[in-house]
Protein chains: 4
Amino acid sequence: MIQMTLIQIDNYGPWTVTPTPRRESDLQILQAELYADLQRQFAAKQGLVFFMRFDNMLAISNGMDMEDHLRIQESIGNRYPITVSMGVGTARTPYDAQRKATKALQSHGGAQSEDRKEVLAIDSLADENGFVQIAHIDINGITETLTDTMPAYDTSFVVNRVQHFLMKKLIKKGSLLFFIGGDNFMSPCNGLAPEGLLKIINEKDEIKIALKAGIGKASTAEKAANLADLALEEIRGGFTYDLVHLMKE
Amino acid sequence: MIQMTLIQIDNYGPWTVTPTPRRESDLQILQAELYADLQRQFAAKQGLVFFMRFDNMLAISNGMDMEDHLRIQESIGNRYPITVSMGVGTARTPYDAQRKATKALQSHGGAQSEDRKEVLAIDSLADENGFVQIAHIDINGITETLTDTMPAYDTSFVVNRVQHFLMKKLIKKGSLLFFIGGDNFMSPCNGLAPEGLLKIINEKDEIKIALKAGIGKASTAEKAANLADLALEEIRGGFTYDLVHLMKE
Amino acid sequence: MIQMTLIQIDNYGPWTVTPTPRRESDLQILQAELYADLQRQFAAKQGLVFFMRFDNMLAISNGMDMEDHLRIQESIGNRYPITVSMGVGTARTPYDAQRKATKALQSHGGAQSEDRKEVLAIDSLADENGFVQIAHIDINGITETLTDTMPAYDTSFVVNRVQHFLMKKLIKKGSLLFFIGGDNFMSPCNGLAPEGLLKIINEKDEIKIALKAGIGKASTAEKAANLADLALEEIRGGFTYDLVHLMKE
Amino acid sequence: MIQMTLIQIDNYGPWTVTPTPRRESDLQILQAELYADLQRQFAAKQGLVFFMRFDNMLAISNGMDMEDHLRIQESIGNRYPITVSMGVGTARTPYDAQRKATKALQSHGGAQSEDRKEVLAIDSLADENGFVQIAHIDINGITETLTDTMPAYDTSFVVNRVQHFLMKKLIKKGSLLFFIGGDNFMSPCNGLAPEGLLKIINEKDEIKIALKAGIGKASTAEKAANLADLALEEIRGGFTYDLVHLMKE
C-alpha cells in the first residue's frame, strides 16, 4: 500500500489577482519556494513531493502520520501569505491513493472556497506493511543528441512529448508520472511489474526516443527513490543489459 | 525584437550522481531555489524566467545587458554548489531568439563539458526598439469542472494535454509556451497576431478544453506580463466577449 | 542533561576571499539562508538553532542522534558551496555542553584546516532523562519607550547593551544567551533556578532597562521554547506579578 | 551625503503571538529569509542591508529612488505573511541619516500601529554627489587564538564585547557598527577620518583584542564595501603596515 498526500493552496487563484494581478515573478518565486520548503519538510520524514501544478502538489508520504502533516501545515501558515490544505489516501496503486486523497479533501469544500482553510482530511494511512515503488526514467544520451545540438526549446519540447506519452501509458496501470527536471521522470508505480514498464518504454514507434528506467522498492519514498537511482546507475554503467532494472531494500 | 537568455547549469548531470546519486529531495530543493533565485534577480531588471527543464531555463531579458548577466552569474557562483552558463540571442520571434541564444552557448562547449564554466555567450542584444509580447493563457472554469470534482492527478493530466497541444501549435508560429502553475501558461509570442492565437485556442476538437488568453505588449517582460494579466482579467470580468484580448503599454 | 551541537562552516574565512573578496551581499544571503535551512532541519526534530556568529552556530539538539546529524550535513553539502562540521556535547549546563561539543570538534582539526571537512564529532548524547530549560527574556514596553521615539540605531544600541549585560551575568551561571530579534533573547539555562534569573534581571542599576522572562522546561528545545513563550505571555497578560515565570511540560 | 533606509516589519510583535505564540523556529526562519530576500533586492541596486534587530533593519541605499523602494515593498507583501514599512533619510553622517529615516517613518504611526501598513516615508534622497564610506573591521588572528582553542560560546562572547566597544566609540563620531558574521563588522562611517578610526581601534586597553580595518569610499554601498574588503586584504597580505587602510573608487 502506498500513501499519498495531496497538498492544495487554499483559495489561491483569487488571491493571485486580488486586488489586481500580482507581479508574475513574485508568484513564481512564491510557488517555487513553497515547493522547496514542503520538499524539505517532507524529506525530514523520508517523504517526497512532486510539484505537479504547484498550487496542487502530490507527495508520497508513507511513514508520516497526522501529527507530521499538521506540523507542516502550521509551519507554512506561519511563514507564507497563503495556507495549505491536505488530503491523505492509501491504496494498492498510486493512482488510487491520490484519488482517495483528493476525494477526502474535496469533501471539505472546493479549492476556491473562502471557508475551507488549513484542512487536513485523512482517508487512510499506510501501516507498517506499506511500501513504495518508484521508477526513475530518463532519456538515453540526451546531452549528445539534443541538448548540445538542438535549440533549447526544441529539447524541452521533446521532453514534454515523452512526458505526455508516459503519462498516457502509465495511468492505465495505476501509475503516476512526474517530471523532475532535465530529462528525468519519476513514476510512483506500486503494482506495476518491471516487465510492464519495459513494454511501455519499448513502444518506441510513438515517440522515437530511447528510454531506460531504474526501479526502487522500499519502505519509504526516500529509500525507494535512492534505490531507483542506483538501479539506473547500474544500467548507465553497463552492469545490466536490461532497460528496466529493479532494486529492493 | 525579443531578447532571450538561455541559462544552463554547468555539467549538472554528472554532478548529480557523483560520487553516488545525491538525495532526490536535495536536488529538487536545489533546482527550485535556483529557479526562484534567478527569477528574483532577473525580476530586479524587469526580466522573466521560465523554469523549462530546471537545468536549462529560458528568460526574456529585454533591457538587460552584459553587465547584468555577469552579476547574476557571479552571485549564483557565490552561493550554490554549481555554476551557470548563459547564452543570449535576439530575434523577431521568441523561437529564433532562443535558437540563437542556444547556438551561441553551444559554440563554447557542451552542457556536460568539464572545461566550460560560467560562460556568457552573447549573440545579440535587443536595442531600444525591442519589445516583448506575452500571452497569458488559462483554462475556463477549471476549479469547478476539474479541480473540485476529479482526482488531482487527472486534472494535472488534462493540463499537460493542453500544454502539449499548445506547444505543438505555437512553435509553428515561432512562439514558445511555458507552464507557470495551476491552469496557467505563458507564451512569449512576438510576431503572432491575436487572430492567430484565437484560431489556435478555437481548435477545441483536439483537446475539448475551453481556453482564453490575455496578451500584453510592452518594452519589458514584466510590463508585458502585467498587461497580459490585466487583459485576462477583462475577459474574466466580462468586459470583452473576445477569448483573446490584447493590451499595449 | 542538555545536548548542544556546534555547527561550523568548514574553512569558511579563506573561501570568502578566494580568489578575491566575494560580494558582501552574497555572503550575507548565503549565511542567512544557511541558518534558515539548518533551523528548518533541526526543527523537524524539535531542535533549535541560534545563529551566534553565523559561521559558528549553536543548537540545542536533545532527541537527535548521529543519523539525524549526518543527514543534515549531507543535505547542506548537496546544496551549498560550503560544507559544515559538527560537534555534539551533553552536560548539566548549556555552557559545559557547548564546551564539550567544541572540544570534540577541535580535536579533529582547526576551523580553517584544509583537511577537515564534514566531520561529525560526538562527545556525548543526552539520554531519555535529558531535558531542556530555556528562558525567553524581553524588554518591557520597548515599542513605546524606544522603537517609536528614538532613532532606530539607538534602540538597537540599547538592545545590544542589554545583551552584553545578560551574557556577562549568565555565563557565570553556566547559562548562554542569544539574541533572537526585536527585543528578544533566549537563554538555554539548565541548572539555573528562576530565583537566580530574577536576581539578574533585577540588577537594573547597571542597564536601567526593565526586563521580564518566561522559562520553559521540557524534553525538547521546541517544547521548552514554546512553554517559555506561554510563560512570558502570562506575565504580559498580568496573570502573574512575577517578572520571571516558569512553566513545565 | 549617505542615504539610509530603515525597514520595519509592520505590527510584527503582536503578530508573533496571535492567536498564540508562533513556533520559535518558524519565526527565526521567517526573519532570516526576509533579511536574505531584502538583501538580494537591495543588492540588485547596489545597496546593502544590515539585519540589526531583524524586525528593524538598516540599509545603505545611495542610488535608489522611490520607485526602487516601492517595488521591494510590493514584492515582500506578495510573498510573506507580513508587510514592511520604510523610512529614508540622507545626511553627512550615517547616524544622522538613520535618525532622519526613523523620524520620517515614526511620523506615520508606531511600529505596532494597526493602521500603519506598507508606508514609504522619504525624508530625503542623496543626489549624485552622495557617497558611501564603509569600514570593514575584523579581529586579528581570531581562528588561531580563539575559534580553535576556546569554547565556541566564549569566542562569541569576545566578539560581542568587541562589538559593544566599537558601537560605543563609533556612535560618538556619527558612525554606525553592524556585526556581519564571524569576526567581522561593517561600519558605515561617512565623516570619520581614517585617523579617527585608527585611534579607536588602538584603544586596546579596554578590550585587549587587536583589530584592523579596511575602508572603502565610493558612489554606492556595494562598491564601498568591495573596496573596504580589498583594503583589508592588503593589510592581511602585508602590503601595508597600517592597521587602517583606505581605498577610493
Side-chain angles (χ1 to χ4, degrees), chain A residues 7-45 49 51 54-55 57 66-86 114 117-120, chain D residues 7-45 49 51 54-55 57 66-86 114 117-120:
Chain A
I7 306 156
Q8 194 172 77
I9 306 181
D10 293 317
N11 204 13
Y12 183 56
W15 181 86
T16 63
V17 292
T18 302
T20 55
R22 295 173 193 260
R23 208 182 295 160
E24 190 57 44
S25 55
D26 284 339
L27 297 178
Q28 292 300 308
I29 296 166
L30 176 69
Q31 293 172 186
E33 292 194 332
L34 178 65
Y35 165 59
D37 201 322
L38 287 164
Q39 188 71 271
R40 206 182 269 114
Q41 294 193 62
F42 273 79
K45 300 291 172 179
V49 187
F51 60 77
F54 287 102
D55 59 349
M57 309 183 213
M66 189 182 75
E67 177 65 20
D68 292 329
H69 285 84
L70 286 173
R71 277 178 69 87
I72 295 175
Q73 286 183 300
E74 187 188 343
S75 180
I76 297 301
N78 276 341
R79 295 181 292 104
Y80 289 85
I82 48 81
T83 56
V84 293
S85 286
M86 297 185 184
E114 285 182 23
K117 200 183 155 182
E118 284 191 323
V119 163
L120 174 59
Chain D
I7 306 156
Q8 194 172 77
I9 305 180
D10 293 318
N11 204 14
Y12 183 56
W15 180 86
T16 64
V17 292
T18 303
T20 54
R22 295 173 194 261
R23 208 182 294 159
E24 190 57 42
S25 55
D26 284 339
L27 298 178
Q28 292 300 309
I29 296 166
L30 176 69
Q31 292 173 185
E33 292 194 334
L34 179 65
Y35 165 59
D37 202 323
L38 287 164
Q39 188 70 270
R40 206 182 269 115
Q41 295 193 62
F42 273 80
K45 299 291 172 180
V49 188
F51 60 77
F54 287 102
D55 59 349
M57 309 182 214
M66 189 181 76
E67 177 64 20
D68 293 329
H69 284 84
L70 286 174
R71 277 178 68 88
I72 295 175
Q73 287 183 300
E74 187 189 342
S75 181
I76 297 300
N78 276 340
R79 295 181 292 104
Y80 289 86
I82 48 81
T83 55
V84 293
S85 286
M86 297 186 184
E114 285 183 22
K117 200 183 156 182
E118 284 191 323
V119 164
L120 175 59

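Each chain gets a letter, A, B and so on, in the order the sequences are listed, and its residues count up from 1.
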Considering only heavy atoms and a distance below 4.5 Å, find which of A/Asp26, A/Ile29, A/Thr16 pairs most often with chain D. A/Asp26
Closest heavy-atom contact between D/Pro81 and A/Asn78? CG-O, 3.7 Å
List in chain and number order the residues that pass salt bridge (Lys or Arg N to Asp or Glu O under 4.0 Å) with A/Arg71, two or more places apart in sequence or in another chain; answer none if no residue qualifies. C/Glu222
Tell me every residue that passes side chain to side chain donor-acceptor pair (under 3.5 Å) with D/Ser85, counting only those two or more places apart in sequence or in another chain. D/Asp10
Only heavy atoms, only distances under 4.5 angstrom. Which residues in residues 30-42 of chain D are near chain A? D/Leu30, D/Glu33
Here the gap from D/Ser25 atom OG to A/Arg79 atom CZ, rounded to the nearest 0.5 Å, amounts to 8.0 Å
Holding to salt bridge (Lys or Arg N to Asp or Glu O under 4.0 Å), I want the full list of residues that pass it with A/Glu74, two or more places apart in sequence or in another chain. D/Arg23
